[in-house]
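Please read these numbers as outputs of a predicted model, since none were measured by experiment. Every chain is numbered from 1 and lettered A, B, ... according to where its sequence line falls, protein lines coming before strand lines.
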Amino acid sequence: MRFLMIDRICELEKGKSARGIKNISWNDDFLEEIFPGMPVVSSFVIAEAVAQLLSWIIVEAKDFTVKPVITVVDSYICNGHIQPGDQLEVMGSVESMSEEGALVHGKILLRGKPVIEINHAVCYLYPLSELDPPERARMQFKHLYVPGCPLPQTAQHPASLMREEVPVYKRPWFDRITDDSQPARLVAIKNVTATEDYFNDHFPRKPILPGVVILEAQHSLARELVLRQLAERGLTGSFPVLCGAEKVKFRLFIQPGDQMLVEAAVKSFSDGQCFIATKVTVGGKNAASALLHFDLTDRASYTQKYILGR
Amino acid sequence: MRFYLFDKVIDFIPGTSSRGIKNVSSQEEFLIDHYEKFPVMPLPLIVESIAQLGGWTITVSSQYRYLALMVMVKDVEASGRACPGDQIEMQVTIENLNEFAATISSVALVEGKPILKVGSLTYALYEIPEADRRAIKERYEKLIN
């Protein structure tokens with residue numbers, strides 16, 4: 001699958017804000033299951049739609065000379081169930097921009113209600129020609145930008161609950177757990193390899209592991225840790241549902257051939273929710289970190305809160 | 001899946017040898033069917049990883065004059081396997097290199113233990129048109145780390 005996560009840009013105010021569309025299909029590579037038989041789009045990967053929309057605002061405003069690379073996200077909130085067949089409205093705004101960086105915000109709406117919010121993200125502006133041939137970027141933008149194209153309707157078909165006949169088969173985003181000797185901590189390896197499809201688009205001239213994939217590795221391991229904690233406490237009916245992240249930081253470019261060491265540790269754990277601190281190192285260097293926030297819920301209350309209640 | 005089966009070169013002596021890395025990740029597409037319950041990298045793909053690294057070594061050793069296409073493989077011996085999370089180190093030695101053909105031998109290791117040996121792998125060499133050499137050079141140089 002290609003790593004182009006925004007399908008159309010409908011409105012653009014130069015250098016300031018934009019609105020666009022992202023469609024979700026059964027062919028998407030990034031489906032996962034929180035509860036068996038209920039496929040949902042990976043909570044962090046979908047944030048790439050906002051990141052790419054914001055990227056186009058900045059790339060277009062700077063006349064295809066720079067491309068933003070995300071470094072810090074202050075707060076990330078996700079509280080919806082996005083599934084195949086949904087049409088998402090993606091919004092992005094640039095609060096301020098200088099020669100070196102930009103401060104941005106973004107949102108994804110499903111049926112008119114926010115499901116993803118990214119607040120206070122800082123990106124660094126990298127020379128575009130080192131990542132992508134500028135003429136290719138211009139061509140992509142030309143195809144994406146359709147001024148006046150109608151945005152998704154707020155009254156779409158309701159969410160579907162019956163999808164049990166199509167199982168989603170997905171391996172975890174980490175490869176091997178290397179240390180589970182301590183009760184509230186896990187360490188795992190995630191190998192980065194050149195065969196991955198997303199390196200075609202991210203980026204043609206320099207392969208860099210997308211930030212959302214780094215986060216997905218942290219999320220996947222944190223989820224495994226929470227599942228083990230729940231089993232230990234005998235709470236087998238509950239499942240962890242990601243509902244946000246704080247202090248998300250990316251410090252290094254991660255490239256094919258690198259081996260990520262992902263670490264997840266319980267920061268706090270109560271009946272209804274928990275916080276997991278995650279960290280990624282590459283060759284001993286600190287590469288990324290985030291504090292992940294999970295809702296602990298059973299299937300019935302998840303359906304009520306995230307699907308029917310919306 | 002992209003057909004880039006080695007990730008980086010960690011050691012290179014022009015005309016003599018090289019060492020490269022292939023990371024095996026649980027997200028690799030070939031693992032979906034090979035096998036769902038027991039993910040393991042197919043051995044022919046490890047031979048391809050070696051062939052790609054050997055081809056890189058020959059092209060760079062010839063200063064981007066030749067492209068190497070595999071024509072013969074002899075004495076392949078597997079003694080282990082590579083699973084998600086493993087880092088395969090491939091050591092390539094150039095046995096013979098002239099203007100028509102090249103031969104290498106190689107061993108692939110996981111955690112220092114050999115998992116696959118290739119006694120001899122022969123390439124036919126094709127001259128790269130001068131106009132294309134710069135683009136290949138730019139792409140190949142980025143793999144040295």
Side-chain angles (χ1 to χ4, degrees), chain A residues 1-3 29-32 42 45 129-131 133 167-179 187-210 212-214 216-217 220-221 224 253-262 282-283, chain B residues 1-12 18-42 44-46 48-49 52-53 55-56 81-90 110-111 134-145:
Chain A
M1 202 191 83
R2 299 199 58 186
F3 201 64
D29 258 355
F30 302 115
L31 297 175
E32 60 178 22
S42 307
V45 172
S129 60
E130 281 184 31
L131 303 175
V168 173
Y169 171 67
K170 197 77 200 166
R171 288 190 194 281
W173 290 81
F174 57 87
D175 298 326
R176 182 179 298 169
I177 292 175
T178 54
D179 183 3
V187 182
I189 286 173
K190 157 84 184 136
N191 268 346
V192 183
T193 178
T195 53
E196 298 284 9
D197 282 335
Y198 41 70
F199 287 127
N200 280 330
D201 293 301
H202 203 277
F203 296 98
R205 285 189 176 162
K206 186 183 172 93
I208 299 173
L209 192 67
V212 293
V213 175
I214 305 174
E216 214 51 74
S220 198
L221 186 68
E224 174 69 27
F253 281 162
I254 301 181
Q255 296 198 275
D258 286 341
Q259 200 167 43
M260 292 160 56
L261 210 58
V262 189
V282 173
Chain B
M1 189 186 105
R2 307 197 324 161
F3 207 59
Y4 296 160
L5 283 163
F6 71 97
D7 298 322
K8 67 177 174 188
V9 179
I10 51 174
D11 197 9
F12 172 54
S18 68
R19 284 195 302 144
I21 294 288
K22 160 68 190 147
N23 273 345
V24 187
S25 152
S26 54
Q27 300 267 315
E28 311 252 22
E29 270 177 63
F30 52 73
L31 296 177
I32 295 174
D33 301 313
H34 195 280
Y35 300 94
E36 189 177 334
K37 293 269 156 43
F38 181 61
V40 54
M41 181 163 173
L45 285 183
I46 302 179
E48 175 64 23
S49 291
Q52 288 189 9
L53 176 65
W56 181 94
R81 56 179 182 242
C83 303
D86 282 337
Q87 199 164 42
I88 306 177
E89 181 190 323
M90 295 165 291
V110 169
E111 287 169 1
R134 225 184 100 203
I136 291 179
K137 188 175 178 206
E138 262 176 27
R139 187 152 67 84
Y140 275 33
E141 272 177 348
K142 285 182 189 161
L143 290 164
I144 309 181
N145 202 318

Query raised in the report: If you look at every heavy atom in B/Ser26 and A/Phe174, which pair is closest and at what distance?
Result: OG-O, 3.1 Å

Report task. Measure distances from A/Phe199 to the heavy atoms of chain B and classify the residue's part below 4.5 Å as side chain, backbone, both or neither. Result -> both

**Report entry** Between A/Asp258, A/Val192, A/Thr195, the one whose heavy-atom pairs under 4.5 Å with chain B are most numerous
**Finding:** A/Thr195

Report task. Any chance you could measure A/Arg176, atom CZ, to B/Asp86, atom CG, to the nearest 0.5 Å? Result -> 4.0 Å

Query - Greatest number of heavy atom pairs closer than 4.5 Å to chain A - which of B/Ile21, B/Val24, B/Leu5, B/Leu143 - result: B/Val24

Query raised in the report: In Å and rounded to the nearest 0.5 Å, what is the CG to CE distance from B/Asn23 to A/Met260?
Result: 11.0 Å

Query raised in the report: Where is the tightest heavy-atom contact between A/Lys190 and B/Ser25, given as atom of each residue plus distance?
Result: NZ-OG, 3.4 Å

Query raised in the report: Does any non-hydrogen side-chain atom of B/Lys142 lie less than 4.5 Å from one of A/Pro207?
Result: no

Requested in this report: Output, in order, the C-alpha distance, side-chain angles, deciding distance and verdict of side chain to side chain contact (heavy atoms under 4.5 Å, CB included) for A/Thr193 and B/Gln27.
Outcome: CA-CA 10 Å; A/Thr193 178; B/Gln27 300 267 315; over 6 Å; no

Query raised in the report: Is the number of heavy atoms from other residues, nucleotides or ligands under 6.0 Å of B/Arg2 CZ greater than 12?
Result: yes

Report summary line: Applying a strict 4.5 Å limit to non-hydrogen atoms, the region of B/Glu138 in contact with chain A is neither

Query raised in the report: When rounded to the nearest 0.5 angstrom, what distance separates CE in B/Met1 from CD in A/Glu196?
Result: 10.0 Å

**Report entry** Backbone of B/Pro84 reached by a side-chain donor or acceptor of A/Asn191 within 3.5 Å
**Finding:** no

